[in-house]
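Accompanying notes for the structure given below.
Atoms within each ligand, like the ligands themselves, are counted from 1 in listed order. Model, not experiment: these values are computed from the prediction.
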Amino acid sequence: MRIDKFLSEMGIATRSEARAAASKGGVTVDGVVIKDLSRHIDPEKCTVTYLGRTVGYDRFIYVMLNKPEGYVSATEDSRLPVVTELLSEELKKRELFPVGRLDRDTTGMMILTNDGVLAHTLLSPRHHVAKMYFFTAAEPMAEGVEEYFRDGVTLRDGYECKSAVIELMPDRLSGYITLTEGKYHQIKRMVAASSNRVTSLKRVSFAGIPLDEKLAPGEWRMLSDSEIAQLRSQQ
Ligand code: URA
């Protein structure tokens with residue numbers, strides 16, 4: 001990777017700032033002053049300093065976002081805002097993408113990363129990663145819906161869902177549903193199969209990691225080391 005690209009991706013300096021610093025001897029690679037920032041380095045093997053400070057290299061980045069309504073779970077869309085627009089300018093350069101999809105009107109826990117291998121594992125149907133949602137329904141959920149969900153709902157298109165857990169609030173108008181798969185509109189379609197309708201949906205945890213309730217809709221933070229370890233333990 002070019003040195004100026006590395007410095008800009010790590011959020012240290014724009015390319016022109018880096019060029020100005022380098023011309024005054026402010027950039028070193030493995031202890032050697034470098035003036036030509038178009039030179040390529042392997043950031044995993046080199047030690048780069050900028051104005052006397054070592055620049056650490058995070059190869060993979062893991063972000064927790066509280067997805068707001070109205071955003072598409074994608075990196076680009078010709079018409080609508082996408083979740084990656086909510087990240088900082090530095091992170092936008094790191095080519096993060098959402099791990100899985102939430103509908104445009106679904107809110108809550110979303111992981112974004114540039115770790116394609118881990119994302120693939122987390123999304124693979126073989127790994128049964130748990131996702132918990134809080135939903136509200138148009139009508140009280142029917143008696144016996146707990147067993148109906150546990151035994152595997154058959155959707156209107158014939159797809160047989162895996163066993164899911166539903167925990168209802170006393171008025172049966174809302175509750176939590178935990179899935180270990182992620183089909184298109186799955187919760188909405190499961191609730192529709194029970195002759196009801198979802199009126200709001202929020203993902204509250206992913207792979208056992210709860211949404212940080214300190215994050216307002218649209219806010220994000222880096223995952224902690226223990227949360228990253230929790231994701232990796234799903235492999
Ligand atoms: N199920 C849905 O219906 N929508 C989502 O966004 C996620 C799960």
Nearest non-hydrogen partners of Ile209 and Met109, listed with the distance
O-CE, 3.4 Å
Check the pair Asp212, Arg221 against salt bridge (Lys or Arg N to Asp or Glu O under 4.0 Å), reporting the backbone distance first and the verdict last.
CA-CA 9 Å; Asp212 184 338; Arg221 66 161 171 80; 2.7 Å; yes
Tell me whether Arg101 has any N or O atom under 3.5 angstrom from an N or O of ligand 1.
no
Test your reading of the structure: does Leu201 have an N or O sitting under 3.5 Å from an N or O of ligand 1?
no
Thr199 and Ala137 have their tightest heavy-atom pair at OG1-N, 3.6 Å
Could you list the atoms of ligand 1 found under 4.0 angstrom from a heavy atom of His185?
1 (N), 2 (C), 3 (O)
At the 4.0 Å heavy-atom cut-off, does Tyr133 count as touching ligand 1?
yes
Ligand 1 N/O within reach of Asp103 N/O, cut-off under 3.5 Å
yes
Glu69 and Lys202: CA distance, side-chain angles, deciding distance, salt bridge (Lys or Arg N to Asp or Glu O under 4.0 Å) verdict:
CA-CA 10 Å; Glu69 258 188 86; Lys202 174 179 183 179; over 6 Å; no
If you measure from each non-hydrogen atom of Thr106 to ligand 1, which part falls under 4.0 Å: side chain, backbone, both or neither?
side chain
Measure the distance from atom 1 (N) of ligand 1 to every protein heavy atom, then report the residue, atom name and distance (to 0.1 Å) of the closest one.
Ile187 N, 3.1 Å
Is there a salt bridge (Lys or Arg N to Asp or Glu O under 4.0 Å) between Asp157 and Arg189 once you walk through the steps?
CA-CA 10 Å; Asp157 64 0; Arg189 290 157 76 208; 2.7 Å; yes
Which atom names give the shortest non-hydrogen contact between Arg104 and Val72, and what distance separates them?
CD-CG2, 3.9 Å
